Participant: 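Quick one: structure below, then a few questions.
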Number of protein chains: 2
Amino acid sequence: MSPAAAEPSEGSLLLDDQLCFALYAASRAVTARYRPLLDELGLTYPQYLVMLVLWEQDSISVRDLGVALQLESSTLSPLLKRLEANGLLRRERRAEDERSVAIRLTEAGAELRDRAGTVPLAIGDAMGLTPEQDALAKQLLRLITANVSDR
Amino acid sequence: MSPAAAEPSEGSLLLDDQLCFALYAASRAVTARYRPLLDELGLTYPQYLVMLVLWEQDSISVRDLGVALQLESSTLSPLLKRLEANGLLRRERRAEDERSVAIRLTEAGAELRDRAGTVPLAIGDAMGLTPEQDALAKQLLRLITANVSDR
DNA sequence: CTCGATTTAGTCGTGCACAACTAATTCGCG
DNA sequence: CGCGAATTAGTTGTGCACGACTAAATCGAG
């Protein structure tokens, strides 16, 4: 007989017992926190993630971008079109394989990296986790993603 | 000098160092896992969350639903309209306050609860966490949500 | 070499998510 | 009581996210 509140958790239909809801709510809360910072860079949150990949590895195919971000081409194609329209990148068919499209940063896209440098620290600060909690959270989230993805 | 891989984490612009990306990817992976189960119930994932709240507390206002799920009326209004069109709930202006709209389950909406009973267990199984990991993850996610939301 | 299978981007339709705004109703101060 | 402020749903516009599909290019077995 535990004196603490009951923990039905497994198989419960109560919203607040659901890990999935905690995950969903946290994800939206974090992107909401990013919004004002990214507004100053003229980026949305998914666009920011694409830029992170490109700053790490320029000239990547749409396919490999999709693998890195776990997004479909039907999500990426219009998103990349908007980033191209904003002058941050160029899309060009690869000569060696005309099916593939290489995404390359423009000068403006590469320079945006400098202005984005303060963003992760500001968010990390807002999340308010200790380095240990941060590492633990990442570990658990990757475990969930891996378990839930396969089969 | 740690022999393991470096952990720059704080202030890094590498995608895989970002807790925010782990969160975003996990959230989408989990909802993707729900999709085939919810398809059988004729629900989307956000619709399922709304139904969870209604099974817990029938006859709730749009406002209170928004508080529970942290969603705006501009998201809920069309979503509720679709659930109403599918015969799962009714919307009626409250007599005592004509600004407010009460959401009430129909018979079909209440009965759907029985068919949904197996969903949380199936998902919990797919996530593959120990009860301790599950509790820890929920705790960390709620901490992040709370820290990131205020101010 | 050839032709069906595979790979790669992209389009289209549906349903969130949210900011900005509107309209109706209720509240509450003077 | 009267009227401006606040509350509540809802609409509109933009941008994801993803399934289903298409078109073009490449691959590979025979």
Side-chain angles (χ1 to χ4, degrees), chain A residues 20-21 24-36 38-39 42-51 60-67 69-86 89-103 149, chain B residues 20-21 24-36 38-39 41-51 60-67 69-86 88-103 149:
Chain A
C20 72
F21 176 65
Y24 168 76
S27 180
R28 283 187 301 112
V30 169
T31 60
R33 187 75 180 206
Y34 268 98
R35 212 181 314 281
L38 296 182
D39 276 353
L43 294 174
T44 65
Y45 180 71
Q47 288 170 10
Y48 167 71
L49 294 179
V50 166
M51 295 305 288
I60 189 175
S61 67
V62 174
R63 188 198 109 86
D64 289 346
L65 209 45
V67 170
L69 297 169
Q70 298 296 336
L71 288 172
E72 304 297 318
S73 69
S74 51
T75 299
L76 286 175
S77 287
L79 189 159
L80 292 169
K81 231 168 150 179
R82 282 185 284 270
L83 288 174
E84 186 179 40
N86 293 345
L89 54 82
R90 268 186 290 272
R91 295 180 300 157
E92 22 192 80
R93 290 274 162 192
R94 286 218 155 97
E96 67 273 23
D97 184 346
E98 294 265 335
R99 291 172 302 182
S100 183
V101 166
I103 307 298
S149 298
Chain B
C20 73
F21 176 65
Y24 167 77
S27 180
R28 284 188 300 111
V30 169
T31 61
R33 187 74 180 206
Y34 268 98
R35 212 180 316 280
L38 296 182
D39 276 353
L41 305 182
L43 294 174
T44 65
Y45 181 71
Q47 289 170 9
Y48 168 71
L49 295 179
V50 166
M51 295 304 288
I60 189 177
S61 67
V62 173
R63 188 198 111 86
D64 289 347
L65 210 45
V67 170
L69 296 169
Q70 298 296 337
L71 288 171
E72 304 297 318
S73 70
S74 50
T75 299
L76 286 174
S77 287
L79 189 159
L80 292 169
K81 231 168 149 179
R82 283 185 284 270
L83 287 175
E84 185 179 40
N86 292 344
L88 297 180
L89 54 82
R90 268 187 288 271
R91 295 180 299 156
E92 24 192 79
R93 290 275 163 190
R94 286 216 155 98
E96 66 275 22
D97 184 346
E98 293 266 336
R99 291 171 304 181
S100 182
V101 167
I103 306 298
S149 298

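Lettering of chains follows the sequences in order, A, B, ..., and the numbering in each one begins at 1. What you see is a predicted model, and the numbers here were worked out from it, not measured in a lab.
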Participant: Nearest to the side chain of B:S61, which nucleotide is it out of C:dT8, D:dA9, C:dA19?
Facilitator: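 The closest nucleotide is D:dA9.
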Participant: Let's see if you can work this out: which of D:dC16, C:dG15, D:dG10 has an atom nearest to the side-chain heavy atoms of A:T44?
Facilitator: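 Nearest to the side-chain atoms of A:T44, counting from C-beta on, is D:dC16.
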Participant: Looking at B:S74 and D:dG10, is any side-chain donor or acceptor paired with a base atom of the opposite kind under 3.5 Å?
Facilitator: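 By the distance-only test, no, there is no pair.
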Participant: Would B:L83 and B:M51 count as a side-chain contact (heavy atoms from CB on, under 4.5 Å) here? Give the steps.
Facilitator: CA-CA 9 Å; B:L83 287 175; B:M51 295 304 288; 4.3 Å; yes
Participant: Without decimals, in angstroms, what is the distance between B:Q70 CD and C:dA19 C1'?
Facilitator: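 Interatomic distance, CD of B:Q70 to C1' of C:dA19: 17 Å.
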Participant: Mapping A:R93 and A:R35 to their closest nucleotides on DNA chain C, which lands nearer the 5' end?
Facilitator: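 Result: A:R93.
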Participant: Using only side-chain N and O atoms of B:S77, determine if any of them is under 4.0 Å from OP1 or OP2 of D:dG10.
Facilitator: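 Answer is yes, contact under 4.0 Å.
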Participant: Rounding to a whole Å, what distance do you find between B:E72:CD and C:dT22:C1'?
Facilitator: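 One finds 16 Å between C1' of C:dT22 and CD of B:E72, rounded.
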Participant: Does B:S73 offer a backbone N or O that forms a donor-acceptor pair with the side chain of B:S77 under 3.5 Å?
Facilitator: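 Here the side-chain-to-backbone pair exists.
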Participant: Is the phosphate of C:dC16, meaning OP1 or OP2, less than 4.0 Å from a side-chain N or O of A:Y24?
Facilitator: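 For C:dC16, neither OP1 nor OP2 has a side-chain N or O of A:Y24 closer than 4.0 Å.
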Participant: Which one, C:dG10, D:dG10, D:dA25, comes nearest to the side chain of B:V62?
Facilitator: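 Between C:dG10, D:dG10, D:dA25, the one nearest the side chain of B:V62 would be D:dG10.
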Participant: Quick one: B:L80 CG to C:dA17 C1', roughly how many Å, whole number?
Facilitator: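 After rounding, the gap between these two atoms is 14 Å.
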Participant: To the nearest Å, give me how far apart CG (B:L49) and P (C:dG15) are.
Facilitator: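 Rounded to the whole Å, the gap is 17 Å.
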Participant: Take atom CZ of A:R28 and atom P of D:dG15, then tell me their distance rounded to the nearest Å.
Facilitator: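 Going from CZ in A:R28 over to P in D:dG15 covers 20 Å.
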Participant: May I have the distance from B:L79 (atom CG) to D:dT11 (atom P), rounded to whole angstrom?
Facilitator: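 Result: 13 Å.
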Participant: Tell me what A:L76 touches on the nucleic acid: a base, only sugar-phosphate, or nothing, going by heavy atoms under 4.0 Å.
Facilitator: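 Contact class for A:L76: none.
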Participant: 5'-most contact on DNA chain C: B:T75 or A:S100, nearest heavy atom basis?
Facilitator: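 This one resolves to A:S100.
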Participant: Taking atom P of C:dA19 as reference, at what distance in whole Å does atom CG of A:D39 sit?
Facilitator: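 Whole-Å distance recorded here is 10 Å.
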Participant: Taking only the side-chain nitrogens and oxygens of B:R82, find out if one of them lies under 4.0 Å from OP1 or OP2 of C:dC16.
Facilitator: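 True: B:R82 side-chain N/O within range (under 4.0 Å) of C:dC16 OP1/OP2.
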Participant: Nearest heavy-atom pair of A:R93 and A:R99: which atoms, and what distance?
Facilitator: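 Smallest heavy-atom distance, with atoms named: NH1-O, 2.9 Å.
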Participant: Between C:dC18 atom P and A:Y45 atom OH, what is the distance in whole Å?
Facilitator: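 Result: 13 Å.
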Participant: Think A:Q47 has a side-chain N or O under 4.0 angstrom from the OP1 or OP2 of D:dG15?
Facilitator: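 No, outside the criterion.
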Participant: Specify whether A:Y45 and B:Y24 have parallel, tilted or perpendicular ring planes, treating 30° as the upper limit for parallel and 60° as the lower limit for perpendicular.
Facilitator: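 Judged by the thresholds at 30° and 60°, the geometry between A:Y45 and B:Y24 is perpendicular.
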Participant: Taking the side chain of B:R99 as its heavy atoms from C-beta onward, which of C:dT25, C:dC18, C:dC16 lies nearest to it?
Facilitator: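 The nucleotide sitting nearest to the side chain is C:dT25.
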Participant: Could you tell me whether A:R91 contacts a base, only the sugar-phosphate backbone, or nothing, with contacts defined as non-hydrogen atoms closer than 4.0 Å?
Facilitator: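 Sugar-phosphate, backbone atoms only, no base.
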Participant: Apply side-chain contact (heavy atoms from CB on, under 4.5 Å) to residues A:L80 and A:L65 and explain how you reach the verdict.
Facilitator: CA-CA 10 Å; A:L80 292 169; A:L65 209 45; 3.9 Å; yes
Participant: Heavy-atom distance under 4.5 Å between the side chains of A:P78 and A:R82, does that happen here?
Facilitator: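 Answer yes - side chains close enough.
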Participant: Out of C:dG15, C:dT11, D:dC16, which nucleotide sits closest to the side chain of A:K81?
Facilitator: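 Nearest nucleotide to the side chain: C:dT11.
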